[in-house]
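Each remark here refers to the structure printed beneath this line.
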Number of protein chains: 2
Amino acid sequence: MNDKDNIAKSESTEQKIKEAARRVFTSKGYAGTRTRDIAEESGYNLALINYYFRSKEKLFEIIMMENLQLFIGSIIGMLNNEATSLDEKIDQLVTYYVDMLMVNPGIPVFILNLVNNNPSALFEGVLGGNTVSDTVFATQFKEQMKKKKLTIHPLHLFMNIVSLTVFPFASAPMIKAKNGISDEEYNQLMLERKILIPKWIKVMMDM
Amino acid sequence: MNDKDNIAKSESTEQKIKEAARRVFTSKGYAGTRTRDIAEESGYNLALINYYFRSKEKLFEIIMMENLQLFIGSIIGMLNNEATSLDEKIDQLVTYYVDMLMVNPGIPVFILNLVNNNPSALFEGVLGGNTVSDTVFATQFKEQMKKKKLTIHPLHLFMNIVSLTVFPFASAPMIKAKNGISDEEYNQLMLERKILIPKWIKVMMDM
DNA sequence: GTCTATACAAAGATAGAC
DNA sequence: GTCTATCTTTGTATAGAC
């Protein structure tokens, strides 16, 4: 076994533990996760977690940052893109969230938990100082409202887009259980929404 | 001290512990709550929790049922009311949720956690067998869609109402922190939404 | 009914062998 | 790098005094 194999094996183990941690933390949250769960899920021993990541808390921080990036970090660029119209931004946001959440359905609840249990200072670091009101997105919306002689806070538009797109994923287990809907049928509904939500948003904000 | 005083005092203590438990469980979830937190929050000793409620789990079940009732149980009647129109039902749902969530902002995240960590069997008991598709609400919506020659699943309407109303409360800490908005300003936005959401819903479903 | 003290179980972290 | 065994901390439940 040479150096290359050693490194490859080492990275693989670390990566496998991290992926296992991502799955468990994302579905059970910090307090609900036992390091023993992560060990079992990864197929490795409990002690390896400490060997690679020093502590449960340190490992959680890594997963948390990745999930925050996925949920919030990725959309900052879209909101501030000078080259796209407001309508295009709406399409992009909805598409991004639906596609991302179909692969990572646990993210919304994970983030909501985080946000409800942690000091707000947490977000300063991840997101920079960008407030929604300062984005190109908000400016474009305000211009459109001006033309129509309406005054609606840009946050309403933003909340509407995210609410309509993300909440159905967060509440999926409840909706499925309560309505006897299969995973496939639910996915189908979500794909319909990917088309419908941008249309809805446009007529809503046109009133 | 007579019997009446004894009973009054006893109920009061039990009630205080339950209220403390409600606050702590609702904000931190089951796994995140230590019985010591509840004891401290209530002002009583750790042992009293066991004396009145037997165990952490039993106490949690009580709080869980109350929160589920608040979040889901209360709206079944509205959805199945033959005496109200679809538009009136929409108004009622939005008003109910906004008013209830301004008092209990932690409920949505609590419920979402529950739903993501528990077997779906849990809901059978609380909600009876009512699926959204079987309600008067759904029937009225289908009739309206028929007139307009449209075919949209009634669940979309239901998800839209709940999403637009509930999600902004669930994500409030994030929105506030990220946009430098005070509690008062945020409440103001929510009150605006109480008026706006029914209007939005009506134009959305009219396309 | 309420408290103090403590038993008992679960979970995180680490030492040391291989 | 990986494992087994063990220490330590934290959390739940209960016994017994008042």
Side-chain angles (χ1 to χ4, degrees), chain A residues 1-65 110 113-114 117-118, chain B residues 1-65 110 113-114 117-118:
Chain A
M1 188 187 273
N2 59 29
D3 268 10
K4 193 152 162 286
D5 286 337
N6 248 321
I7 291 169
K9 194 180 176 194
S10 165
E11 285 179 348
S12 173
T13 297
E14 185 172 350
Q15 193 61 26
K16 276 178 190 164
I17 291 175
K18 204 176 104 179
E19 285 309 306
R22 195 183 53 72
R23 286 191 295 276
V24 181
F25 276 136
T26 302
S27 79
K28 298 194 186 180
Y30 182 78
T33 296
R34 300 170 310 158
T35 50
R36 285 170 167 83
D37 295 336
I38 299 174
E40 193 180 345
E41 174 82 15
S42 72
Y44 289 97
N45 187 278
L46 183 62
L48 267 285
I49 294 172
N50 221 264
Y51 174 75
Y52 282 110
F53 298 98
R54 179 73 191 164
S55 74
K56 177 186 177 182
E57 204 172 347
K58 290 260 196 306
L59 178 51
F60 181 77
E61 274 170 27
I62 293 171
I63 307 302
M64 180 186 72
M65 286 305 176
F110 177 91
N113 263 311
L114 208 62
N117 298 321
N118 290 75
Chain B
M1 189 187 274
N2 58 29
D3 268 10
K4 192 152 163 287
D5 286 337
N6 248 322
I7 290 168
K9 193 180 178 195
S10 165
E11 285 180 349
S12 173
T13 299
E14 184 172 352
Q15 194 59 26
K16 276 178 190 163
I17 291 175
K18 205 177 103 177
E19 284 310 305
R22 196 183 53 73
R23 287 192 294 277
V24 181
F25 276 137
T26 302
S27 80
K28 298 193 184 180
Y30 182 79
T33 297
R34 300 171 308 160
T35 50
R36 281 172 166 84
D37 296 336
I38 299 174
E40 194 180 346
E41 175 82 17
S42 72
Y44 288 96
N45 187 279
L46 184 61
L48 268 285
I49 295 172
N50 221 262
Y51 175 75
Y52 282 110
F53 299 98
R54 179 73 191 163
S55 75
K56 176 188 177 184
E57 203 173 348
K58 290 262 197 304
L59 178 51
F60 180 77
E61 275 171 26
I62 293 171
I63 306 302
M64 180 186 72
M65 286 306 175
F110 177 90
N113 261 311
L114 208 62
N117 297 321
N118 290 76

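Just so we're on the same page: letters track the sequence lines, and every chain starts at 1. On a predicted model such as this, the values are computed, not experimentally measured, just so you know.
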Quick one: does Ile63(A)'s side chain get under 4.5 Å of Lys18(A)'s, heavy atoms only?
yes
Does Leu59(B) reach the side chain of Phe25(B), with side-chain heavy atoms less than 4.5 Å apart?
yes
Would you mind building the protein contact string for nucleotides 13-18 of chain D? One character per nucleotide, 5' to 3', B for base within reach (heavy atoms under 4.0 Å), S for sugar-phosphate only, - for untouched.
BB----
Can you check the Tyr44(B) OH to dC3(C) C1' distance for me, whole Å?
12 Å
Closest to the Tyr52(B) side chain: dC3(D), dG1(C), dG1(D)?
dG1(C)
Ordered by number, residues from residues 24-34 of chain B within less than 4.0 Å of DNA chain D (heavy atoms) are Thr33(B), Arg34(B)
Could you please spell out the steps behind the salt bridge (charged side-chain N to carboxylate O under 4.0 Å, His left out) verdict for Glu19(B) and Lys16(B)?
CA-CA 5 Å; Glu19(B) 284 310 305; Lys16(B) 276 178 190 163; over 6 Å; no
Charged N to carboxylate O under 4.0 angstrom, Glu61(B) versus Lys58(B)?
no
Whole angstrom value for the distance that separates P of dA15(C) from CG of Leu48(A):
16 Å
For Ile38(B) and dG11(D), what is the distance between atoms CD1 and P respectively, to the nearest whole Å?
12 Å
Calculate the interatomic distance between Phe53(A) atom CZ and dG1(D) atom P; express it in whole Å.
12 Å
Going by heavy atoms in the side chains, are Phe60(B) and Ile38(B) under 4.5 Å from each other?
no
Got a second to check how far Lys56(A)'s NZ is from Arg36(A)'s CZ, nearest 0.5 Å?
11.0 Å
Could you state the CD-C1' distance from Gln15(B) to dG1(C), rounded to the nearest angstrom?
17 Å
Test item: Arg23(A) and Ser27(A) side chains (from C-beta on) under 4.5 Å apart, heavy atoms:
no
To the nearest 0.5 Å, tell me how far Ile17(A) CD1 sits from Tyr44(A) OH.
7.0 Å
